[in-house]
Amino acid sequence: MANINETIILTTNGAMADKLAERIGAVTHRVHRVETPEAAVARMDQQVPQALFIDLNENPQAALALTRRMRHSHPAMAVMGIAKEKNADLAIAGLRAGLSDYLVFPNNGDDIVPALRNALNRGAGGGGLAELTAVFSLKGGQGVTSVAVNLADQLQALTGRKVLLLDMNLYRGDAGAYLNQACGYTPFDVIRDRQRMDERLLFSSLVHHKNRFYLLGTPESISDAEQIGDAEAAGLLETLRPYFSYIVVDLPSSFSAVNLAVLEAADRILMVAQQALPEIKSLQSVLEFFRELYPDDSKTHIVVNRHQKGQEISAEDMTDIFDHPVTATLANDYRACSAAVKAGKTLATAAPRSQLCKDFETLAARLSGISPTPSRHSLFQRLAAMVWG
């Protein structure tokens, strides 16, 4: 069992270890430094830590060998590689060996905590269970599908991980239409194939969007919709989660048994609303209901879509009304949204310079814990995409 209070740092550089320990103090309560791979293994024989930081500067081959060993013996542990400077060849080798992340330290010290949090949330460097985000509004017309589509796109672009967009509008799903993608393989098929599901079957059947995220959408026929209840929905998510790092679920506007099963399984719920009184009243009633289910409010995140500055009801007012912080605002940009939908593209492709596209990138960064700064985004995104597809 992992010790949630301990992180091990493998390095002979005591000064670097002290700086690193200071940085990660907000995430881990105890840091233990070792100087050899053998000492690290001996320490883990007693208690598996939540994370292992490996200095890649001293003996890269030994570091990669230890990484492969840890990924095999302790798959849920975050294994973080630390280097003095960017080295594409070493980064690729490290990611293939199983590093959860490749980090430049101390120069890019601000990246350490978000990267560690993200690795811990993912579990085994992308090989654990997917982090599941349900996008929901009880009132229709709030832009839920648009939020789900573009969030999935930005999560993949930012992290380089396997991301699935799952359309659970079983009667009239729109995610495929937004992306101009016909979905021959659907949630119904996954449920049917559960007992024989493997990586080859799943990834050969899903739509792989050109922006590198995957899509599991609904068919044109709705004849099978009644075959999925709460148990089937829970089984669907259980089947899919081991194969992805992130799953974004586009939910219809109802409190059906299927929706409640997805909301219960979700790691976070994005409540989409707009700056109008009817939408605010609807969201208020939903939040009250969710507070009965999730008393600490940590699972629920408010996203203000089509946000306009200068409106009578501001995002700050909504925070006060709901007694709950607004996680993100998404700019009101009808032209960019319309162009994207008409072209069957994501905003990042159709309108990459728009404020709305930037807002989605900010939202993805906040949810993933990964900074979108060019120094980190450009290197890690490219390398991770090469390794994990």
Side-chain angles (χ1 to χ4, degrees), residues 88 91-92 94-96 98-102 115 118-119 121-122 124-133 135 145-167 175-186 190 199-217 240-250 340-341 343-354 356-374 376-389:
I92 291 173
L95 294 170
R96 285 177 174 160
L99 283 179
S100 302
D101 210 333
Y102 175 95
N118 188 57
N121 287 337
R122 288 196 310 263
L129 295 179
E131 188 173 280
L132 198 156
T133 299
V135 187
T145 297
S146 178
V147 171
V149 166
N150 288 289
L151 176 58
D153 184 36
Q154 290 289 350
L155 280 172
Q156 200 293 320
L158 190 61
T159 68
R161 299 285 182 169
K162 283 188 171 68
V163 177
L164 174 67
L165 172 61
L166 171 58
D167 191 346
Y178 267 59
L179 296 167
N180 194 27
Q181 297 278 356
C183 298
Y185 197 71
T186 71
V190 174
E199 187 172 4
R200 181 177 181 180
L201 171 61
L202 181 63
F203 288 107
S204 65
S205 303
L206 293 174
V207 171
H208 195 188
H209 192 269
K210 63 181 180 181
N211 287 15
R212 304 188 70 85
F213 64 89
Y214 292 86
L215 169 65
L216 181 60
L240 293 170
R241 289 182 83 157
Y243 297 99
F244 297 92
S245 293
Y246 299 94
I247 297 177
V248 179
V249 187
D250 176 11
V341 173
K345 298 177 179 178
T346 66
L347 279 163
T349 302
R353 297 184 180 180
S354 66
L356 182 55
C357 184
K358 294 176 183 177
D359 289 344
F360 273 110
E361 183 181 45
T362 299
L363 175 59
R366 185 168 299 173
L367 298 183
S368 67
I370 295 179
S371 170
T373 55
R376 176 169 165 72
H377 184 196
S378 59
L379 174 69
F380 186 69
Q381 179 189 335
R382 289 198 306 269
L383 298 179
M386 289 172 63
V387 175
W388 286 295

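Side-chain N or O atoms of D250 include none that pairs as donor or acceptor with a backbone N or O of A148 at under 3.5 Å.
Counting heavy atoms from C-beta outward, N150 and L356 have side chains that stay 4.5 Å or more apart. You'll find the side chain of F244 reaches within 4.5 Å of the side chain of L202, heavy atoms only.
To the nearest 0.5 angstrom, S354 atom OG is 9.5 Å from F360 atom CZ. With rounding to the nearest 0.5 Å, the separation of CG in L164 from OG in S245 is 11.5 Å. Between atom CG of residue L215 and atom CG of residue D167 there is a gap of 7.5 Å, rounded to the nearest 0.5 Å. Considering NZ of K162 and OH of Y243, their distance stands at 12.0 Å, rounded to 0.5 Å. Between the OG1 atom in T346 and the CD atom in Q154 there is a gap of 7.5 Å [rounded to 0.5 Å]. E361 contributes atom CD, which lies 10.5 Å from atom CG of D153 (distance to the nearest 0.5 angstrom).
Taking each heavy atom of A365 and L158 in turn, the nearest pair found is CA-CD2, 3.3 Å. The minimum heavy-atom distance between A152 and V163, with the atom names listed, is O-CG1, 3.6 Å. Contact detail for L155 and A364: the closest heavy-atom pair is CD2-O, 3.8 Å. Between S204 and L201, the closest heavy-atom pair is OG-O, 3.0 Å. Minimum interatomic distance between E131 and L367 (heavy atoms only, all atoms of both residues): OE2-O, 3.7 Å. The nearest pair of heavy atoms linking C183 to G176 is SG-CA, 4.5 Å.
For T133, the side-chain hydrogen bond (donor to acceptor under 3.5 Å, both in side chains) partners two or more places apart in sequence, or in a different chain, are R268. Judged as a side-chain hydrogen bond (donor to acceptor under 3.5 Å, both in side chains), and not counting sequence neighbours, N180 has no contacts. For F213, the ring-ring contact (aromatic ring centres under 6.0 Å, His included) test picks out H209, with sequence neighbours left out.
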What verdict does the side chain to side chain contact (heavy atoms under 4.5 Å, CB included) test give for Q156 and N211, after you've listed the backbone C-alpha separation in whole Å, the side-chain angles of each residue and the deciding distance to 0.1 Å?
CA-CA 8 Å; Q156 200 293 320; N211 287 15; 5.9 Å; no
List the steps, then state whether side chain to side chain contact (heavy atoms under 4.5 Å, CB included) holds for L216 with L240.
CA-CA 10 Å; L216 181 60; L240 293 170; 3.9 Å; yes
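Proximity of the aromatic rings of F203 and Y185 is defined here by a centroid distance below 6.0 angstrom, and this criterion is not met.
Test L206, L165, I247 against Y214 for side-chain contact (heavy atoms from CB on, under 4.5 Å) and you get one pass: L206.
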